[in-house]
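To start, the structure under review is shown below, and the notes come after it.
Here the structure is a predicted model, which is why all the values come from computation and not from measurement.
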Amino acid sequence: MTRRPRATRDAADERPVALVLQGGGALGSYQAGVFEEIADSAWQPDWVAGISIGAINAAIIAGNPPKDRVAKLRRFWETVTAPPRWAGWTDLVFGVVPELRRQAGAANAVLFGQSGFFAPQAPGAWLRDPPPTSYYDTGALKGTLESLIDFDRINHREGVRLSVGAVNVETGNFAYFDSAEKPLRAEHVMASGALPTGFPAVEIDGEYFWDGGLVSNTPLQYVIASVPRRSRLIFQVDVFPARGRLPRTLLEAAEREKDIRYSSRTRAASRIIRIVHDLRHNIEGLLAKLPPELRDTPEARFLHAFGCTSTMDVAQLIYRPEDEQGQAKDYEFSRGTMEERWAHGRADARETLDAAPWCEPMPPDLGARTFDVVGDRLRAQGRRDLA
């Protein structure tokens, strides 16, 4: 298939670019592949926001100079997908059969954890009073993050803003830790990915936090609603597809349930954001057409607070594998699967960047648009099971 030339960015297009990364555990290697293509494009993000594994990828991107970002992402994913020494024979037996390799990878994560990321609680820990509140310990992740991320760079805002979302365990309130508002450290990133009851809550300044995906699995709304609002291009990378095949087995049903549960939040947020931003845009347009005596009424002043002239383009990149990945796909960290997902992310991002539909002028009655280049192609091919 002949590749079309990549679209070029108009010199007049000065919109800032944001990269929004969903939670999804081991599926996050797809996000890393997407970023590798974006890093080689004209649309470099000045803001990265993430939840859970998306927060880890986002922090690695923000915490390194442009020339090192892909290499540091690669180092993280190779670290956490390093097979245990005893598992060499399983690679020979299972490596050539993807389904068996995925099952073995998931079993390895459950029984032994992942290098540089998490490990089962020591047997003696269960004899303590009180016992652990999680099955795994994430102490290794702190060292991994600190070895790969320059938090001084993030906190001095040397290039890229970082925002990560977490949930306060005691209040149930969602919180964003944002480098534009406060210094961040490894614990803020770990808190965003502290999914109970697998991982323990993370203490930050006397309060305890769990994975932000418990409330919202995407930080898209936070980025779009940020004040002051600016017209922006946003790459939204999701790892759970909304559409899928009708399950034929119990395991397929478990996978499909997980996709729907996590993608539904993203779909609902995207739809509401698009409607609300169109509303803001049209409020501003309507107020501009009113005579001065009407613009100065209490009702008009009230509406003005909700108006906005900024526009938002959201380019969606969604992981849609051809074959079922299994209900354990978000904790299946085998090296082979990681490489496949990384390559899939690169391919989807390449197709999206080559098309670059956001380069077309925004219709005057719209405040926000969403694009799904890969999904449009799949639908045109009749692949409704994937798009």
Side-chain angles (χ1 to χ4, degrees), residues 14-23 28 31-32 34-35 38-39 43-73 75-76 138 141-168 173-194 201-213 215-237 310 312 314:
E14 298 180 345
R15 290 177 298 173
V17 178
L19 177 63
V20 171
L21 304 176
Q22 188 186 51
Q31 299 170 347
V34 167
F35 178 74
I38 292 176
W43 288 277
Q44 298 298 305
D46 71 309
W47 187 0
V48 286
I51 302 289
S52 198
I53 195 66
I56 293 175
N57 284 332
I60 294 171
I61 292 167
N64 284 284
K67 64 181 179 62
D68 296 335
R69 290 169 184 165
V70 173
K72 289 296 181 69
L73 282 171
R75 188 181 304 175
F76 170 79
T138 54
L141 179 59
K142 185 173 188 291
T144 299
L145 295 176
E146 290 178 340
S147 70
L148 295 173
I149 300 168
D150 182 352
F151 284 95
D152 286 337
R153 180 182 184 88
I154 293 172
N155 295 328
H156 288 101
R157 301 197 62 187
E158 298 179 29
V160 178
R161 176 179 176 180
L162 173 66
S163 306
V164 299
V167 178
N168 188 300
N173 293 333
F174 197 90
Y176 273 101
F177 304 121
D178 193 326
S179 65
E181 299 174 356
K182 64 184 297 183
L184 303 186
R185 57 185 191 272
E187 285 81 359
H188 294 94
V189 181
M190 293 173 66
S192 185
V202 176
E203 186 269 331
I204 298 175
D205 301 330
E207 297 183 287
Y208 288 82
F209 293 87
W210 271 334
D211 192 305
V215 173
S216 175
N217 206 35
T218 177
L220 179 64
Q221 184 171 0
Y222 180 76
V223 171
I224 286 185
S226 179
V227 177
R229 297 185 188 89
R230 298 179 61 188
S231 296
R232 184 177 289 277
L233 168 63
I234 301 170
F235 292 104
Q236 178 187 354
V237 189
S310 66
M312 300 289 173
V314 180

Which heavy atom of [X] sits nearest a heavy atom of [Y], and at what distance?
X: Ala201; Y: Ala194; value: CA-CB, 4.5 Å
X: Thr218; Y: Tyr176; value: O-OH, 3.9 Å
X: Ile53; Y: Gly28; value: CG2-CA, 4.0 Å
X: His188; Y: Pro183; value: CE1-O, 3.7 Å

Which atom pairs, donor and acceptor, lie under 3.5 Å between side-chain atoms of residues 44-52 and protein residues at least two apart or in another chain?
| unit_1 | atom_1 | unit_2 | atom_2 | d |
| --- | --- | --- | --- | --- |
| Gln44 | NE2 | Ile38 | O | 2.7 |
| Gln44 | NE2 | Ala39 | O | 3.2 |
| Gln44 | NE2 | Ser41 | O | 2.8 |
| Asp46 | OD1 | Val17 | N | 3.2 |
| Asp46 | OD1 | Arg232 | NH1 | 3.0 |
| Trp47 | NE1 | Ser163 | OG | 2.9 |
| Ser52 | OG | Asp211 | OD2 | 2.6 |

With a 4.5 Å heavy-atom cut-off, do [X] and [Y] have their side chains touching?
X: Thr138; Y: Met190; value: yes
X: Leu184; Y: Val189; value: no
X: Asn57; Y: Leu19; value: no
X: Ile224; Y: Val314; value: yes
X: Val160; Y: Arg69; value: yes
X: Arg230; Y: Pro16; value: yes

Among residues at least two apart in sequence or on other chains, which ones pass salt bridge (charged side-chain N to carboxylate O under 4.0 Å, His left out) with [X]?
X: Arg161; result: Asp178
X: Glu146; result: Lys142
X: Arg229; result: none

List for me each residue that meets ring pair (Phe, Tyr, Trp, His ring centres under 6.0 Å) alongside Phe35, sequence neighbours excluded, and say none if there are none.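 Listed in chain order: nothing, the list is empty.
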Hits for ring pair (Phe, Tyr, Trp, His ring centres under 6.0 Å) against Phe209, two or more places apart or cross-chain, chain-then-number order -> Phe177
Contacts table for residues 147-154: side-chain donor-acceptor under 3.5 angstrom, sequence neighbours left out:
| unit_1 | atom_1 | unit_2 | atom_2 | d |
| --- | --- | --- | --- | --- |
| Ser147 | OG | Gly143 | O | 3.4 |
| Ser147 | OG | Thr144 | O | 2.7 |
| Asp150 | OD1 | Asp152 | N | 3.1 |
| Asp150 | OD1 | Arg153 | N | 3.2 |
| Arg153 | NE | Asn64 | O | 3.4 |
| Arg153 | NH2 | Glu158 | O | 3.3 |

With sequence neighbours excluded, residues passing side chain to side chain contact (heavy atoms under 4.5 Å, CB included) with [X]:
X: Asp205; result: Lys182, Arg185
X: Glu14; result: none
X: Val167; result: Phe174, Leu214, Val215

- List for me each residue that meets side chain to side chain donor-acceptor pair (under 3.5 Å) alongside Glu203, sequence neighbours excluded, and say none if there are none.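 Expected list: none.
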- Task: Look at the side chain of Ser179 and the backbone N and O of Leu162, then say whether any donor-acceptor pair between them is shorter than 3.5 Å.
- Result: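 Yes, the answer is positive, given that a donor and an acceptor are paired below the 3.5 Å cut-off.
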**OP:** Carefully, step by step, assess Tyr208 and Asn168 under the rule side-chain contact (heavy atoms from CB on, under 4.5 Å).
**Re:** CA-CA 6 Å; Tyr208 288 82; Asn168 188 300; over 6 Å; no
